[in-house]
*Asks:* 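Take a look at the following structure, please.
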Amino acid sequence: MKACLLRSPARVETNPLEFTDAADPVPQGDQVRVRVAACGVCRTDLHVVEGELPPRKLPVIPGHQVVGRIERMGANVSRFRIGDRVGIPWLNRTDGVCVYCREGKENLCDNPTFTGYTVDGGYAEYTLAPEGFVYPIPEALTEQHAAPLLCAGIIGFRSLRLSGIEEGGKLGLYGFGAAASLAIQVARHWNVSVYAMTRDARHQKLALEMGAVWAGGTVEEPPEKLDAAVVFAPAGEIVPAALKALKKGGTVALGGIHMSPIPALDYNLLYQERVLRSVANNTRQDGADFLRLAAEIPIHTAIELFPLRDANRALNALKNDAIRGAAVLQVE
Ligand SMILES: [Zn+2]
Ligand SMILES: [Zn+2]
């Protein structure tokens, strides 16, 4: 098969992914083999490729927002049939037995594997995943439009949940890439007023077009105090600004897997029972709940398509805030 291989992490400006031939993966046990139709490009892929996440497998095929059809199965697969369309997310597998898994917090599992990081992912013509961790994808969605829902969408949804934002509230979104452009649609569906803080003027414009009541620069102070905020941009200097924008008792949820150092905070920014918390991965329940809601709203995904062989170009565009909505690799 054709695949984009990362042999060693490097800045994306050096085009570190190699478009090359790789062995077709063979499904074992509970694994399904998916013929990839589309794979979303996530900021986490950028962190994997540039080595901000320490390498766990090299070479590795990145990509964890995979949509395609099952075309081969391990001997123990019972949930699906050949030809079923599924989505493969970041959380590839958990151990099912650690204290977190037993408490229903599988997103915090002690022994997880991650698609496109600790096991090969979807920047390829074929990939594998355990049947228990993939999602059926409704036929109403195209593969290209469904792909960004699998991480940007689900993580954005979990971030909204953990921010505690309630119907009719005021929400800040920091950074306006793929996750925020999906989260704003859920927020608007909940009748929440959205304030978008992002460095790129094109993204500010997009936020306003998508129903934000106000848009400004990354650390600009919104005109109203916020009930909650979600930070998607991986820049630690946003944290004090987001806390400063909050009402007493409000929450800032950090949606990214990696962030540059957070500067020293004046305690007054946190005092009055403000909460600062991170968001780590998601449970399968988050995924199922979000995909149901996405179909109900229905959520529209703005996408920019790139051929598989141009994955480096897609990552460079993502790094430069040049994507309107979500970047998606078209594989078929
Ligand atoms: Zn576990
Ligand atoms: Zn992701």
*Asks:* Going from CG on Leu108 to SG on Cys98, what distance comes out if it is rounded to the nearest 0.5 angstrom?
*Replies:* 8.5 Å
*Asks:* Suppose we screen for side-chain hydrogen bond (donor to acceptor under 3.5 Å, both in side chains). Which residues come up paired with Glu220, at least two apart in sequence or across chains?
*Replies:* none
*Asks:* State whether the side chain of Asn281 and the backbone N or O of Asn107 hold a donor-acceptor pair below 3.5 Å, judged by distance alone.
*Replies:* yes
*Asks:* For a 4.5 angstrom cut-off between non-hydrogen side-chain atoms, does His64 reach Thr44?
*Replies:*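 Yes; the side chains approach each other to less than 4.5 Å.
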*Asks:* Please report the interatomic distance CD1(Ile137) to OG1(Thr142), rounded to the nearest 0.5 Å.
*Replies:*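 Going from CD1 on Ile137 over to OG1 on Thr142, the span is 10.5 Å.
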*Asks:* Keeping Glu50 on the side-chain end and Arg11 on the backbone end, is there a donor-acceptor pair under 3.5 Å?
*Replies:*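 No, Glu50 side chain to Arg11 backbone: no donor-acceptor pair under 3.5 Å.
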*Asks:* So, taking the atom named CZ in Phe114 and the one named CG in Asn92, what distance separates them when rounded to the nearest 0.5 Å?
*Replies:*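 The distance works out to 9.5 Å.
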*Asks:* Are the side chains of Pro136 and Arg85 in contact, using a 4.5 Å heavy-atom criterion?
*Replies:* no
*Asks:* Let me check something: do Leu276 and Leu160 share a hydrophobic cluster, defined by ILVMFWY side-chain heavy atoms less than 4.5 Å apart, either directly or through other members?
*Replies:* no
*Asks:* Any link between Tyr135 and Ile155 through a network of hydrophobic side chains (Ile, Leu, Val, Met, Phe, Trp, Tyr) touching at under 4.5 Å?
*Replies:*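 In one cluster with Tyr135: Ile155, no.
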*Asks:* Find out whether Asp310 and Pro307 are in side-chain contact, i.e. whether some heavy atom of one side chain is under 4.5 Å from a heavy atom of the other.
*Replies:*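 Contact flag for Asp310/Pro307 side chains = yes.
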*Asks:* How long is the straight-line distance from OG of Ser193 back to CZ of Arg188, given to the nearest 0.5 Å?
*Replies:* 6.5 Å
*Asks:* Among all residues two or more places apart in sequence or in another chain, which pass the ring-ring contact (aromatic ring centres under 6.0 Å, His included) test with Tyr126?
*Replies:* none
*Asks:* Roughly how far, to the nearest 0.5 Å, is the CG atom of Leu305 from the CG atom of Leu329?
*Replies:* 9.0 Å
*Asks:* Below 4.5 Å, heavy atoms only, C-beta onward: do Leu150 and Val66 meet side chain to side chain?
*Replies:*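 A side-chain contact under 4.5 Å is absent here.
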*Asks:* Within 45 degrees of the ring normal and closer than 6.0 Å to the centroid, is that where the cationic atom of Arg284 sits relative to Phe133?
*Replies:* yes
*Asks:* Using modelled atom types only, decide if a donor and an acceptor are shared between the side chain of Gln330 and the backbone of Leu308 within a distance under 3.5 Å.
*Replies:*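 The answer is no, because no donor-acceptor pair under 3.5 Å joins these two groups.
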*Asks:* Hydrophobic clustering (ILVMFWY, side-chain heavy atoms < 4.5 Å, transitive) - are Ile61 and Leu46 grouped together?
*Replies:* yes
*Asks:* Answer yes or no: is there a donor N or O on one side and an acceptor on the other, between the side chain of Arg72 and the main chain of Arg35, under 3.5 Å?
*Replies:* no
*Asks:* Test your reading of the model: is there a side-chain donor-acceptor pair from Glu167 to the backbone of Val192, 3.5 Å cut-off?
*Replies:* no
*Asks:* Are the side chains of Val12 and Asn15 in contact, using a 4.5 Å heavy-atom criterion?
*Replies:* no
*Asks:* Heavy atoms only: give me the nearest Val60-Asp120 pair and the separation to one decimal.
*Replies:*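 That would be CA-OD1, 3.5 Å.
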*Asks:* Where the side chain of Asp289 meets the backbone of Asp286, is there a donor-acceptor pair that is under 3.5 Å apart?
*Replies:* no
*Asks:* Do you reckon Val328 sits in the same ILVMFWY cluster as Val41, going by side-chain contacts under 4.5 Å, direct or chained?
*Replies:*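 Cluster IDs for Val328 and Val41 differ.
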*Asks:* Asp45 and Tyr123: side-chain donor and acceptor closer than 3.5 Å?
*Replies:*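 There is such a pair (donor and acceptor under 3.5 Å, judged by atom type) between the side chains of Asp45 and Tyr123.
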*Asks:* Within a 6.0 Å radius of atom NZ on Lys205, are there more than 12 heavy atoms belonging to other residues, nucleotides or ligands?
*Replies:* no
*Asks:* By ring-ring contact (aromatic ring centres under 6.0 Å, His included), which residues pair with His47, not counting sequence neighbours?
*Replies:* His258
*Asks:* Whether Arg199 and Asp321 form a salt bridge (side-chain N of Lys/Arg under 4.0 Å from carboxylate O of Asp/Glu) is what I want to check.
*Replies:* yes
*Asks:* Could you check whether any side-chain heavy atom of Gln65 comes within less than 4.5 Å of a side-chain heavy atom of Pro89, counting everything from C-beta outward?
*Replies:* no
*Asks:* Val219 and Leu171: same hydrophobic cluster, using ILVMFWY side-chain contacts below 4.5 Å?
*Replies:*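 Looking at the clustering, Leu171 is in a separate group from Val219.
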*Asks:* Got a second to check how far Gln185's CD is from Phe157's CZ, nearest 0.5 Å?
*Replies:*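 If we round to the nearest 0.5 Å, Gln185:CD and Phe157:CZ are 13.5 Å apart.
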*Asks:* Please confirm whether the backbone N or O of Ala10 pairs with a side-chain atom of Thr14, one donor and one acceptor, at under 3.5 Å?
*Replies:*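 Pair absent, no side-chain N/O of Thr14 close to backbone of Ala10.
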*Asks:* Are there over 12 heavy-atom neighbours, none belonging to Lys105, within less than 6.0 Å of that residue's NZ?
*Replies:*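 12 or below, so no.
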*Asks:* Under 3.5 Å, is there a donor-acceptor pair between the side chain of Arg69 and the main chain of Gly83?
*Replies:* yes
*Asks:* Looking only at heavy atoms, which two atoms of Val48 and Pro9 are closest? And how far apart?
*Replies:*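 Taking Val48 first and Pro9 second, the nearest heavy atoms are O-CB, 4.1 Å.
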*Asks:* Please check if atom CD in Glu166 has more than 12 non-hydrogen atoms from other residues, nucleotides or ligands closer than 6.0 Å.
*Replies:* no
*Asks:* More than 12 heavy atoms of other residues, nucleotides or ligands under 6.0 Å from CD of Glu103: yes or no?
*Replies:*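 Atom CD in Glu103 is packed in, count exceeds 12.
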*Asks:* Please tell me if the side chains of Pro16 and Asn312 come closer than 4.5 Å, counting only heavy atoms from C-beta onward.
*Replies:*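 Yes, side chains in contact.
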*Asks:* If you compare all heavy atoms of Arg158 against all heavy atoms of Asn282, which two are closest, and at what distance to 0.1 Å?
*Replies:*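 In this case the closest contact between Arg158 and Asn282 is CD-CA, 3.9 Å.
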*Asks:* Describe, in one word, how the ring planes of Trp214 and Tyr195 are oriented to each other, choosing from parallel (under 30°), tilted (30 to 60°) and perpendicular (over 60°).
*Replies:* tilted
*Asks:* Between side-chain atoms of residues 292-303 and protein atoms elsewhere (two or more places apart, or another chain), which donor-acceptor pairs fall under 3.5 Å?
*Replies:*
unit_1: Thr301; atom_1: OG1; unit_2: His145; atom_2: O; d: 3.0

*Asks:* Return the minimal non-hydrogen interatomic distance between Ala327 and Phe306, and the atom names on each side.
*Replies:*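 Looking at all heavy atoms of both residues, the shortest contact is CB-CE1, 3.9 Å.
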*Asks:* Both conditions, 6.0 Å and 45 degrees, for the charged tip of Lys2 above the ring of Phe19: are they met here?
*Replies:* yes
*Asks:* Of all the heavy-atom pairs spanning Thr198 and Gln204, show the shortest one and how long it is.
*Replies:* O-NE2, 2.8 Å
*Asks:* Are Arg324 and Glu209 ion-paired here, with the side-chain N under 4.0 Å from a carboxylate O?
*Replies:*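 Yes.
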*Asks:* Mind listing the side-chain donor-acceptor pairs of residues 236-257 below 3.5 Å, one per line with the distance, residues two or more places apart or on another chain?
*Replies:*
unit_1: Lys247; atom_1: NZ; unit_2: Asp227; atom_2: OD1; d: 2.8

*Asks:* Please confirm whether the backbone N or O of Arg202 pairs with a side-chain atom of Asp200, one donor and one acceptor, at under 3.5 Å?
*Replies:*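 Yes.
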*Asks:* Using atom types as modelled and distance alone, determine if a side-chain donor or acceptor of Glu131 lies under 3.5 Å from a backbone N or O of Arg79.
*Replies:*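 Yes: the side chain of Glu131 pairs with the backbone of Arg79.
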*Asks:* Please enumerate all residues that pass ring-ring contact (aromatic ring centres under 6.0 Å, His included) together with Phe232, with sequence neighbours excluded.
*Replies:*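 None.
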*Asks:* How far apart are the closest heavy atoms of Phe80 and Val134, and which atoms are they?
*Replies:*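 Where Phe80 meets Val134 most closely, the heavy atoms are CE1-CG2, 3.4 Å.
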*Asks:* Are any of the side-chain heavy atoms of Ile154 and Trp90 separated by less than 4.5 Å?
*Replies:*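 Of all side-chain heavy-atom pairs linking Trp90 with Ile154, none is under 4.5 Å.
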